[in-house]
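Convention: sequence-line order gives letters A, B, ...; per-chain numbering from 1.
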There are 2 protein chains.
Amino acid sequence: MQPNESKSLPASDTDSYSSAAPTFSPLYQQIKGLITQSLQSGEWKPGELIPSEIELAARFKVSQGTVRKAIDELSAENLVVRRQGKGTFVATHHEARSQFRFLRLVPDNGERSYPENKIIEVKRLRAPAEVARLLEMKAGESVVFLKRVQSFSGVPTILEELWLPGSIFKGLTIERLNEYKGPMYALFESEFGTHMIRAQEEIRAICAEEDTADLLQVAIGTPLLSVERISFTYGDKAVELRRGLYLTNAHHYRNELS
Amino acid sequence: MQPNESKSLPASDTDSYSSAAPTFSPLYQQIKGLITQSLQSGEWKPGELIPSEIELAARFKVSQGTVRKAIDELSAENLVVRRQGKGTFVATHHEARSQFRFLRLVPDNGERSYPENKIIEVKRLRAPAEVARLLEMKAGESVVFLKRVQSFSGVPTILEELWLPGSIFKGLTIERLNEYKGPMYALFESEFGTHMIRAQEEIRAICAEEDTADLLQVAIGTPLLSVERISFTYGDKAVELRRGLYLTNAHHYRNELS
DNA sequence: AAGTGGTCTAGACCACTAT
DNA sequence: TAGTGGTCTAGACCACTTT
């Protein structure tokens, strides 16, 4: 479990090069990897306190500063949250801070609010080839399909279809979804132990077809934003495919480039 | 020029509280601010080498570690680029790395390429109220207006209108623009000393109107991505307003959420 | 008062780049 | 060989939170 035996301390010996493994990586990166493993394995669950820097330093036999640098990066990547005086916690989708991290559609004028949610359909099916490919599964494996409409102040604005690996989201029922208030990612996290770390999106402009026009209560041909998202957990494992159609009459997709 | 006189060293005195100014901020943040000022003022220009960590530590009378942490953050914000063995350089839009930082439209299949550029129009005019507001200028001040079409493999894909503060972009002519090959931001930087640090975008779906349909060679009513961008230099000063209309038949806008 | 993360320092060695 | 940034350590004090 120990990291490289290559401290730079009293410079005693000739730093045994382990022959054929030129795997160089800074100590703090190795520590970061070990901590990430513990996050993946569920040793520390979302919302929980992880051991203090001093404890981790003792466990891994490195200095506190090295652990600190590892945790600094994990914190920058939103995997953990540091709180002065309290400790370091595993990141959660339940906190107010991260409520809007993955919801980029904002009203043209005014404050963000959380949308009302109407489930249209939930069913299990065998993954179509395209879905399987994107979720890195085998075609034909079980997936949960979900279709819903989200409204802001009563105005239907987002029509979304989701595909989720059936193996992970076993007991996902329409009742469960309707009971739950708040972000879907928070539900996924607390009920299924799946924490979305990052996501990538492909955005296009399209025209509303008949079905979607009905559900969003707009005219056929209305221009919509098509947002295809793949979300990943620890270890870059794809665990969600979403296709959202956003009505951008009174909202826009906001993005910060930096 | 010195930062706070509040070292934590031999703990000599009672840390004179300067009465009514409870301006707390970490030393390294103050150093970061001072370095940023030097970047703004043009003391070090894009592409240039800034003083070494040791020199800066001496100049500001702090330890190298403190300077390092300041520069670490500037590096994370893409204001400077560190190169081991060489030094730290002011960030540039000329480097390959940052060529596509602000160009998020990518082909559905295949590699990114830099588009061909066709200038439709360049003129100076008095800023309309809306433009002035977004660029934080007074209405009626001089702005440069620019309209262009960008094509990928001969297919017109982006129709863009730009508004730039006239005071900054004095000698911007259509010849200058046509001569220049490569990203427009690189031109802005080398010719006008304006480096874009960050930008924010508002994205909507719209239908092509007659003029734009002509220029993009598509049918009227074709759905397009409308991307409104405001770009900022040092000190969050707005220096560019852009409205792009993107054809997303063979391309998509790619975004990473993290 | 004790424990946590946050800041700051000082000094060591390493890896890379230039001369 | 000298200078740069990159890593690692050790120890100090601070600000915040809880007991």
cation_pi(Arg82(A), Phe89(A)) dist<6.0 Å, angle<=45: no
Euclidean distance, atom NZ of residue Lys32(A) to atom C1' of dC8(D) [Å, nearest integer]: 17 Å
Residue pair Tyr253(B) / Asn255(A), side-chain donor-acceptor N/O under 3.5 Å: yes
Heavy-atom pair with the smallest gap, counting every atom of Ala70(A) and Tyr28(A): CB-O, 3.4 Å
Sub-4.5 Å side-chain heavy-atom contact between Pro51(B) and Trp44(B): yes
Flag, side chain of Asn78(A) to backbone of Ser258(B), donor-acceptor distance under 3.5 Å: yes
Between CD1 on residue Ile54(A) and CZ on residue Arg68(A), distance to nearest 0.5 Å: 9.0 Å
Atom pair distance, as rounded to whole Å: CD in Glu53(B) and C1' in dT7(D): 12 Å
Listed partners of Gln29(A) passing side-chain contact (heavy atoms from CB on, under 4.5 Å), at least two apart: Ser25(A), Pro26(A), Lys32(A), Glu73(A)
Nucleotide nearest Leu27(B) when distance is taken to its side chain, options dG5(C), dG6(D), dT9(C): dT9(C)
Listed nucleotide nearest any side-chain atom of Pro26(A), set dC8(D), dC8(C), dT4(D): dC8(D)
Rounded distance in Å - CD1 (Ile31(A)) to P (dC8(D)): 9 Å
Spacing between Ile50(A) atom CD1 and dT4(C) atom C1', to the nearest angstrom: 12 Å
Residue met sooner reading DNA chain D from 5', once Leu49(B) and Gln29(A) are mapped to nucleotides: Leu49(B)
Candidate nucleotides dG5(C), dT4(D), dC8(D), ranked by approach to the side chain of Ser52(A) - the nearest: dG5(C)
Test item: side-chain donor near acceptor, His251(B) and Asp108(B), under 3.5 Å: no
DNA chain D contacts made by residues 63-80 of chain A, counting heavy atoms under 4.0 Å: Ser63(A), Thr66(A), Lys69(A)
Polar atom pairs between nucleotides 17-19 of chain D and protein, under 3.5 Å, N or O only, would you list them?
none

Ion pair Glu136(B)/Lys237(B), N-O distance below 4.0 Å: no
Phe60(A) CZ - dC8(D) P separation (whole Å): 14 Å
Between P of dC16(D) and CZ of Arg82(A), the distance in whole Å: 17 Å
Side-chain N,O (Thr88(B)) to OP1/OP2 (dG5(D)) below 4.0 Å: yes
Within 45° cone and under 6.0 Å: Arg242(A) NZ/CZ vs Tyr185(A) ring: yes
Separation of atom OH in Tyr28(A) from atom P in dC13(C), rounded to whole Å: 21 Å
Among dT4(D), dC8(D), dT4(C), the nucleotide that comes nearest once only the side chain of Glu55(B) is considered: dT4(D)
Below 4.0 Å: OP1/OP2 of dC16(D) and any side-chain N or O of Arg83(A): no
Whole-Å gap separating P (dG3(C)) and CZ (Phe89(A)): 17 Å
